[in-house]
Structure formats: C-alpha cells, structure tokens
A.B. asks: 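Take this structure first; my questions come after.
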Amino acid sequence: MHNLQYIFETHNFRLTNETTKGLEYRHQETGDIVYSLPTKEINLAVSPLSFDIDLSQSDGKIHSTALKRFPKRLNGGKQPISFGYSFKFPTEKALSEFLHTLNK
C-alpha cells in the first residue's frame, strides 16, 4: 500500500482521510477528490462532477458510504448514498498513467 501512496503523491494527490472502507486523496491544485478502495485489484473511485475524463471508460458506477465527498443518489434504498465511477487497474503503472491524465 505504501507504493500506491507514493504514486498518488507523485501525481500531486495528498492523503486527506483514511478509513477501513477507503483512502481519500485530494488533488493539491484542483481540490478534486478521488478514493482508493480496498479490493483485490487497484480500484479508484472518481466523482462524476470532477476532472475532465471520459466516464464511459469506467467500470461503472459504485455506491459506498466511503465516498463522503461525492454526490448522492438513490440506489434501491430509501436514503441517497454517495456514488462515483470505478476505474480498476491491473498494475501500479496503469494507475500512474491514469493519474497522469488527471493532471492535464
């Protein structure tokens, strides 16, 4: 996990919150938030309201209480829940390349 944090830091993201459900990183220039979620793969959640990226390339919507700073919507329950778009990466290099595109 230390190696992932280094990758985020090299792309101008700083760890701002850590829970058992995920790590929250804030981009130091834009203030945009991304979440690294603990799964078998490297999984990143991006807000639909931030960054200029093609969300159709994502692995789909993800709903989680860990995404505290993301917008909320109903997802089958009675209360809205935070959601974002999931991007999964097979390698640390793939994550690094994706974070590089967010800096443009």
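When a residue number appears, it is its place in the shown sequence, counting from 1. Every heavy atom of this structure was used, including side-chain atoms; hydrogens, water molecules and symmetry mates were not. Note that this is a predicted model, so its numbers are computed, not measured.
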A.B. asks: Would I33 end up clustered with L99 when hydrophobic side chains under 4.5 Å apart are linked, directly or stepwise?
C.D. replies: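 In one cluster with I33: L99, no.
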A.B. asks: Of all residues at least two apart in sequence or in a different chain, which pass the side-chain contact (heavy atoms from CB on, under 4.5 Å) check with T20?
C.D. replies: none
A.B. asks: In chain order, what residues pass the side chain to side chain donor-acceptor pair (under 3.5 Å) check against T10, with sequence neighbours excluded?
C.D. replies: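 T10 satisfies side chain to side chain donor-acceptor pair (under 3.5 Å) with no residue once adjacent residues are dropped.
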A.B. asks: Side chain to side chain contact (heavy atoms under 4.5 Å, CB included) between L23 and L4: does it pass, once the steps are laid out?
C.D. replies: CA-CA 11 Å; L23 303 173; L4 289 182; over 6 Å; no
A.B. asks: Under a 4.0 Å N-O cut-off, is there an ion pair linking E9 with R14?
C.D. replies: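 No salt bridge links E9 with R14.
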A.B. asks: So, taking the atom named CD1 in I81 and the one named CG in L67, what distance separates them when rounded to the nearest 0.5 Å?
C.D. replies: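 One gets 8.0 Å once the value is rounded to the nearest 0.5 Å.
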A.B. asks: What heavy-atom pair brings G31 and R26 nearest, and what distance separates the two atoms?
C.D. replies: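 What the structure gives for the nearest pair is O-NH1, 3.4 Å.
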A.B. asks: Could you tabulate the donor-acceptor pairs under 3.5 Å formed by side-chain atoms of residues 72-80, not counting sequence neighbours?
C.D. replies:
residue : atom : partner : partner atom : Å
R73     : NE   : H63     : NE2          : 2.9
R73     : NH2  : H63     : NE2          : 3.3
N75     : ND2  : H63     : ND1          : 3.3

A.B. asks: Write out all pairs satisfying salt bridge (Lys or Arg N to Asp or Glu O under 4.0 Å) with one or both partners inside residues 81-96, taking only residues at least two apart or from two chains.
C.D. replies: K93-E97
A.B. asks: What residues form a side chain to side chain donor-acceptor pair (under 3.5 Å) with N12, not counting sequence neighbours?
C.D. replies: E29
A.B. asks: Taking atom NE2 of H11 and atom OH of Y6, what is their separation to the nearest 0.5 Å?
C.D. replies: 9.0 Å
A.B. asks: Hey, quick one: are V34 and F98 part of the same hydrophobic cluster, counting side-chain heavy atoms closer than 4.5 Å, chains of contacts allowed?
C.D. replies: yes
A.B. asks: When the side chains of residues 40-47 are checked against the rest of the protein, which donor-acceptor pairs come out under 3.5 Å, sequence neighbours left out?
C.D. replies:
residue : atom : partner : partner atom : Å
N43     : OD1  : S86     : OG           : 2.8
S47     : OG   : L49     : N            : 3.1

A.B. asks: Please list, chain by chain and in numerical order, all residues satisfying side chain to side chain donor-acceptor pair (under 3.5 Å) with H27, sequence neighbours excluded.
C.D. replies: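 Residues passing side chain to side chain donor-acceptor pair (under 3.5 Å) with H27: T30, N103.
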A.B. asks: Would you name the heavy atoms of T65 and K21 that are closest together and state the gap between them?
C.D. replies: OG1-NZ, 2.7 Å
A.B. asks: Side-chain contact test, heavy atoms from C-beta onward, threshold under 4.5 Å: evaluate it for S82 versus P71 and give yes or no.
C.D. replies: no
A.B. asks: Kindly compute the distance separating CG (L102) from OG (S50), expressed to the nearest 0.5 Å.
C.D. replies: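 Spacing of CG (L102) from OG (S50) equals 8.0 Å.
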A.B. asks: Carefully, step by step, assess F13 and I7 under the rule side chain to side chain contact (heavy atoms under 4.5 Å, CB included).
C.D. replies: CA-CA 9 Å; F13 285 88; I7 292 169; over 6 Å; no
A.B. asks: Could you tell me which residues satisfy ring pair (Phe, Tyr, Trp, His ring centres under 6.0 Å) with F8, sequence neighbours excluded, listed by chain and number?
C.D. replies: Y25
A.B. asks: Working note: R69 + E24, criterion side chain to side chain contact (heavy atoms under 4.5 Å, CB included); need CA distance, chi angles, decisive distance, verdict.
C.D. replies: CA-CA 9 Å; R69 297 184 189 232; E24 178 185 279; 3.1 Å; yes
A.B. asks: Which residues pass the side chain to side chain donor-acceptor pair (under 3.5 Å) test with T39, sequence neighbours left out?
C.D. replies: none
A.B. asks: Please list all pairs meeting salt bridge (Lys or Arg N to Asp or Glu O under 4.0 Å) that have one or both residues in residues 54-64, counting only residues at least two apart or in different chains.
C.D. replies: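 Every pair satisfying salt bridge (Lys or Arg N to Asp or Glu O under 4.0 Å) with a residue in residues 54-64: there are none.
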A.B. asks: Sequence neighbours left out, what passes ring pair (Phe, Tyr, Trp, His ring centres under 6.0 Å) with Y85? Give chain and number order.
C.D. replies: none
A.B. asks: Suppose the criterion is ring pair (Phe, Tyr, Trp, His ring centres under 6.0 Å): which pairs have a residue in residues 33-54, not counting sequence neighbours?
C.D. replies: Y35-F70
